[in-house]
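Down below is the structure, laid out as structure tokens.
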Amino acid sequence: MRGRVAAATAAVALLLVGGCAGGPGPQSTAVGPAPVTAGPEVRAATGDAARRAAEVTAAWPGSAARQAWEHGYFPVEDTTEWRPAGAFRSGPDEAAYLSGHLDLGTTLPVSVSGTAEVRFADGSRLIVPQRSAKEVFAWLTGRSGVCATRCDGRLTVTAVRPGTTTVATSRGPAAIPVWEFTLSGYDRPFRYPAVRSQAPAAGPSADAFNGSATVLDSVSADGLVVTAAVPHRSCDTVRPGEVHETDLAVVLIGRVDRAPARACDGAPRSTPVEFRLSRPLGARTVLGLADGRPQFPLGRLG
């Protein structure tokens with residue numbers, strides 16, 4: 001499966017590279033084998049980040065995001081597409097695919113009801129709007145990628161069939177319908193979701209707080225210690241973080257000492273930090289400081 005939730009860590013980390021000299025660096029990687037611990041005491045949020053955290057938690061009750069998180073279809077992994085292992089036979093084929101150079105050599109299935117069903121592991125079911133095969137094909141052919149103006153290769157879609165796959169959601173594993181596209185010369189299909197996520201767009205926008213955004217990784221068995229990745233530049237120092245807590249939500253705030261203006265390798269990194277809560281996390285939701293969106297422990301995605 002293409003890019004998972006862990007890609008979020010790298011995306012946030014890249015926001016922090018601007019002030020660091022040097023060329024593009026490698027992908028985000030944790031620094032050091034052990035996390036930075038928050039110590040035995042709870043570190044309450046302070047400063048501008050605390051005010052932002054209060055805005056995020058105040059917007060959570062009654063929000064569309066909370067409704068979708070608790071009762072809707074809210075994927076916690078990338079569901080853009082699923083390519084078969086060793087997807088492409090050649091570089092030109094991959095370039096043609098990424099640039100939308102696809103021809104339709106079959107009839108697309110016609111959607112009748114316009115809805116589809118998501119089935120959760122606990123037995124519950126949810127009817128959601130369907131994403132038609134026609135929409136998927138339009139998305140595929142509407143892309144422009146690496147071919148630019150010099151790419152003669154094309155691929156033909158020879159069959160489109162309905163199928164299913166299992167994805168991780170805020171409510172646990174769920175079986176969702178997909179469209180399976182078979183390309184000429186390929187035995188295994190490329191799959192695309194036939195349903196739309198109900199996850200709303202990010203909450204109130206916020207400037208990137210230097211080193212304060214985090215990405216949730218894991219929660220201790222007793223629920224008192226939450227570990228999250230704190231993105232930073234290679235030359236910065238990561239300190240123990242802070243927490244903002246309410247009865248419904250928790251916001252984690254990373255703390256980074258920015259290195260003086262000097263040359264560094266420019267590589268974005270992330271370091272795991274342990275945040276101690278005043279009481280077990282329980283049913284409370286961890287919300288992102290920068291975007292206000294709920295976060296899912298990466299460790300539970302396997």
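If you read the sequence from its start, that first residue is 1, and numbering goes on from there.
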**Asked** Is it the case that Q130 and S113 place a side-chain donor and acceptor less than 3.5 Å from each other?
**Response** no
**Message:** Just verifying a value: how many Å separate S212 OG and L289 CG, rounded to the nearest 0.5 Å?
**Reply:** 5.0 Å
**Message:** Hydrophobic clusters here meaning ILVMFWY residues chained together by side-chain heavy-atom distances under 4.5 Å, can you tell me if L98 and V136 are in one?
**Reply:** yes
**Message:** Contact between Y186 and D93 at the side-chain level, heavy atoms closer than 4.5 Å - yes or no?
**Reply:** yes
**Request:** State, with a plain yes or no, whether a side-chain heavy atom of T214 is found less than 4.5 Å away from one of V273.
**Result:** no
**Prompt:** Cationic tip of R284 within the cone over W60's six-membered ring, i.e. under 6.0 Å and within 45° of the normal?
**Reply:** no
**Prompt:** Are W139 and T80 close enough, and set up right, to give a side chain to side chain contact (heavy atoms under 4.5 Å, CB included), and what steps lead you there?
**Reply:** CA-CA 11 Å; W139 173 75; T80 303; 3.8 Å; yes
**Asked** Taking the side chain as C-beta and beyond, is there a heavy-atom pair between V250 and L252 under 4.5 Å?
**Response** yes
**Worked check of side chain to side chain contact (heavy atoms under 4.5 Å, CB included) between V243 and I253** = CA-CA 6 Å; V243 297; I253 301 172; over 6 Å; no
**Prompt:** What is the minimum heavy-atom distance between P189 and T182, and which atoms define it?
**Reply:** CB-OG1, 4.0 Å
**Prompt:** Between the side chains of S270 and H232, does any donor sit under 3.5 Å from an acceptor?
**Reply:** no
**Aromatic centroids of W69 and F74 separated by under 6.0 Å** = yes
**Prompt:** Stepwise, does the salt bridge (Lys or Arg N to Asp or Glu O under 4.0 Å) test hold for R89 with E94?
**Reply:** CA-CA 8 Å; R89 297 175 303 178; E94 182 175 10; over 6 Å; no
**Message:** Using side chain to side chain contact (heavy atoms under 4.5 Å, CB included), reason through V226 and L216 one step at a time and then give a plain yes or no.
**Reply:** CA-CA 8 Å; V226 178; L216 180 61; 3.1 Å; yes
**Message:** Looking at R171 and E70, is there a salt bridge between them, counting it only when a charged N and a carboxylate O are closer than 4.0 Å?
**Reply:** no
**Complete:** Smallest heavy-atom separation, V219 atom then G223 atom, equals CG1-CA, 3.9 Å
**Asked** Do L108 and F190 share a hydrophobic cluster, counting only Ile, Leu, Val, Met, Phe, Trp and Tyr and linking them when any side-chain heavy atoms are less than 4.5 Å apart?
**Response** yes
**Presence of salt bridge, R83 and E81, under 4.0 angstrom** = yes
**Asked** Could you state the interatomic distance from CH2 (W179) to OG (S132), rounded to the nearest 0.5 Å?
**Response** 7.5 Å
**Asked** Same hydrophobic cluster for L248 and L224, using side-chain heavy-atom links shorter than 4.5 Å among ILVMFWY?
**Response** no
**Prompt:** Got a second to check how far S99's OG is from L140's CG, nearest 0.5 Å?
**Reply:** 12.0 Å
**Item:** L287 side, atom CG; E55 side, atom CD - distance, nearest 0.5 Å
**Value:** 13.0 Å
**Asked** Can you say whether the rings of F88 and Y97 are parallel (under 30°), tilted (30 to 60°) or perpendicular (over 60°)?
**Response** tilted
**Asked** Distance-only, no hydrogens or angles: does the T57 side chain make a donor-acceptor pair with backbone N or O of A53 under 3.5 Å?
**Response** yes
**Complete:** Correct closest heavy-atom pair for V160 and A133 would be CG1-CB, 4.1 Å
**Item:** Backbone N/O of T227 and side chain of E274: donor-acceptor pair under 3.5 Å
**Value:** no
**Request:** Let me know which of I176, V178, V118, D78 forms a side-chain contact (heavy atoms from CB on, under 4.5 Å) with V167.
**Result:** I176
**Heavy-atom side-chain contact between T158 and L183 under 4.5 Å** = no
**Between T285 and R66: side-chain donor-acceptor atoms closer than 3.5 Å** = no
**Fill in**
Rounding to 0.5 Å, atoms NE2 (H71) and CG (L126) come to a distance of 11.0 Å
**Prompt:** For the side chain of R52 and the backbone of A290, is there at least one donor-acceptor N/O pair under 3.5 Å apart?
**Reply:** yes
**Prompt:** Salt bridge between R161 and E180, side-chain N to carboxylate O under 4.0 Å?
**Reply:** no
**Asked** So, T115 side chain and I127 main chain: donor-acceptor pair closer than 3.5 Å or not?
**Response** no
**Request:** Answer yes or no: are there more than 12 heavy-atom neighbours, outside D187 itself, under 6.0 Å from its atom CG?
**Result:** no
**Request:** Mind listing the closest non-hydrogen atom pair of T166 and P173 along with its distance?
**Result:** CG2-CB, 4.0 Å
**Message:** So P231 and R269, do their side chains get closer than 4.5 Å, heavy atoms only?
**Reply:** no
**Request:** Check whether any side-chain heavy atom of F275 sits under 4.5 Å from a side-chain heavy atom of V225, and report yes or no.
**Result:** no
**Asked** Hey, are E242 and R255 close enough for a salt bridge, meaning a charged N less than 4.0 Å from a carboxylate O?
**Response** yes
**Message:** Which heavy atom of T164 sits nearest to which heavy atom of R191, and what is that distance?
**Reply:** O-NH1, 3.7 Å
**Prompt:** Heavy atoms, side chains only, cut-off 4.5 Å: are T165 and W82 in contact?
**Reply:** yes
**Request:** Identify the heavy atoms of A64 and P200 that sit nearest to each other, and give their distance.
**Result:** C-CG, 4.1 Å
**Message:** To the nearest 0.5 Å, what is the distance between CG on L155 and CG on D103?
**Reply:** 8.5 Å
**Message:** Looking at R279 and D247, is any side-chain nitrogen of the basic one under 4.0 Å from a carboxylate oxygen of the acidic one?
**Reply:** yes
**Prompt:** Does the side chain of Y73 come within less than 4.5 Å of R196's, by heavy atoms?
**Reply:** no
